[in-house]
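Accompanying notes for the structure given below.
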Amino acid sequence: MSRVDRTLKGVFRKLSRYQIAIDAVFAVAFTALMYASTTEQDGPVAVVLLFGFGVALGLRRLSPALALGLSWVCAIGQMSASLPLLAGNLAILFVLFGTAAYGSSLVRKLGLASVVVGGIIASLFLTFVAGEPFVPDDFERTTGDAATQIAIVLVVSWAVLGLSWALGRIAFANRASVESKHQRELAEMEQAQALQEVAVEHERNRIARDMHDIVAHSLAVVIAQADGARYARAADPEAVDVALGTIASTARDALRDVRGVLAQLRHSADDVPVSESRDLDTLIERMRTAGLRIELTTEGSASSLGVGGELTLYRIAQEALTNALRHGDSRHPVAVHLTSEPHESVLRVRNRVRSDDVANPGGHGLIGMRERAVLSGGTLITDRTEGEWTLMATIPGTPE
């Protein structure tokens, strides 16, 4: 934006074409009406001043600063020509209203200063220069004091001019109040939309976590059982039946959990009963059947976690053991230790990692476990050093 454009933007307000047209029609109608009341005694100067006041009237909203400046030019011209009060002087009241209602902070102050200074100048001018047409013949005889005349005219001038400016200031305050209310409503709508987007994103992440845990765990168990059955088919036929039973049980549990997640997509999460598995012992036995050697030690009871905490603990353990099955060294056992206290439960999972396995710290499973722990108010710490993977999840208990 060039300097000229910035200057014009600072001088002229942004108005719609409809508003500009309304102001122009009002200024033309005012000028025509006041012109009809102009007498021949006023002379051509009064006509020129009338048109000047009419232009200032038309600019009162588009550019209050220019309107105020043009009004002062016309007023000075009127005083220079020693003209009495003119019908066009009514435009000054509208201009002062415009400075207070539509002007900037500086223009409003200039408008108020014009009220003070203009009232003083008007009282002196009307008393001493244009006094004969303005002051009644018996006024001086009644008061007998020029100072009293000036004081009365000054008070009247300040009252009329000040009232116009004050009404404009009230209009400005009302408009600012309406705009502030509109901005608050707009901010509340944007906030509600943002909260809705956050809720949608949160729900999408929750569904992604659930689907990943269910599908990844189930497929890992199914693949391990299928591979084991294929290798043991010739040497141990009974192992095939056990593997098929485990596959069927895992698939049924996965199907039930997926149906529960899909049901929550159609209803509120509070309206759908939780059907997901939360039995840690069943999970351990299933993973052992899949070929994972697990050493489980427990201290205390995790019943203080509540329904949500138990599910969080179950899902974290499920994902940790699934990762151990996929990436761990099967020659070494997986150590699972659960410590439960009234105020929190701590789950520790430690397993050896295959030497050919490449760590993926940004995987969906790790992200999902960390999100679950944080949403429950707990923490999750993972570490991989010297070929050993360690996970520690802390889940706070539910206060009674």
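Only a predicted model underlies this, so the values are computations on that prediction, with no experimental measurement involved. Just so it is clear, the values below take in all heavy atoms, side chains as well, and ignore hydrogens, waters and symmetry mates.
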(message) Within this structure, what is the CH2-OG1 distance for the pair W389 and T382, rounded to the nearest 0.5 Å?
(response) 4.0 Å
(request) For W165 and L112, work out which heavy atoms get closest and say how close. (result) NE1-N, 3.3 Å
(message) Quick check for you: to the nearest 0.5 Å, what is the distance between I381 atom CD1 and M392 atom CE?
(response) 4.0 Å
(message) Contact between D23 and L59 at the side-chain level, heavy atoms closer than 4.5 Å - yes or no?
(response) no
(message) Using a 6.0 Å cut-off, check whether atom CZ of R61 has over 12 heavy atoms from anything other than its own residue.
(response) yes
(message) Within the structure provided, determine whether L296 and D281 are in side-chain contact (heavy-atom separation under 4.5 Å).
(response) yes
(request) Heavy atoms only: give me the nearest A320-L391 pair and the separation to one decimal. (result) CB-CD1, 4.2 Å
(request) Kindly compute the distance separating CD (Q78) from CG (N89), expressed to the nearest 0.5 Å. (result) 4.0 Å
(request) Measure up the F94 and F30 rings against each other and bin them: parallel (under 30°), tilted (30 to 60°), perpendicular (over 60°). (result) perpendicular
(request) Determine, using the 4.5 Å side-chain heavy-atom cutoff (strictly less than), whether I76 and V95 are members of one ILVMFWY cluster. (result) yes
(request) To the nearest 0.5 Å, tell me how far E319 CD sits from R315 CZ. (result) 10.0 Å
(request) Would you mind reporting whether L313 and L347 have side-chain heavy atoms less than 4.5 Å apart? (result) yes
(request) Compare every heavy atom of I316 with every heavy atom of I395, then report the nearest pair and how far apart it is. (result) CD1-CD1, 4.2 Å
(message) In the structure I gave you, are the side-chain heavy atoms of Y314 and E310 within less than 4.5 Å of one another anywhere?
(response) no
(request) Check G328 against N351 and note the closest heavy-atom contact, atom names and distance. (result) CA-ND2, 3.9 Å
(message) Within the structure provided, determine whether N323 and V349 are in side-chain contact (heavy-atom separation under 4.5 Å).
(response) no
(message) Quick check: closest heavy atoms across A393 and L380, and the distance to 0.1 Å?
(response) CB-CD1, 4.1 Å
(message) Cation-pi check for Y102 against R13: NZ or CZ below 6.0 Å from the six-membered ring centre and within 45 degrees of the axis, yes or no?
(response) no
(request) Report yes if the side chains of V334 and M287 come closer than 4.5 Å at any heavy-atom pair, otherwise no. (result) no
(request) Check whether any side-chain heavy atom of R288 lies under 4.5 Å from a side-chain heavy atom of I284, and answer yes or no. (result) yes
(request) Check whether more than 12 heavy atoms from other residues, nucleotides or ligands sit under 6.0 Å from atom CD of Q196, and answer yes or no. (result) no
(message) Do V160 and L93 make a side-chain contact, defined as non-hydrogen atoms from C-beta onward lying under 4.5 Å apart?
(response) yes
(request) Please report the shortest heavy-atom distance between L280 and A317, naming the atom on each side. (result) CD1-CB, 3.7 Å
(message) Nearest 0.5 Å, please: how far is OG in S164 from CZ in R169?
(response) 15.5 Å
(message) What's the separation between atom CZ in R175 and atom NE2 in H182, rounded to the nearest 0.5 Å?
(response) 14.0 Å
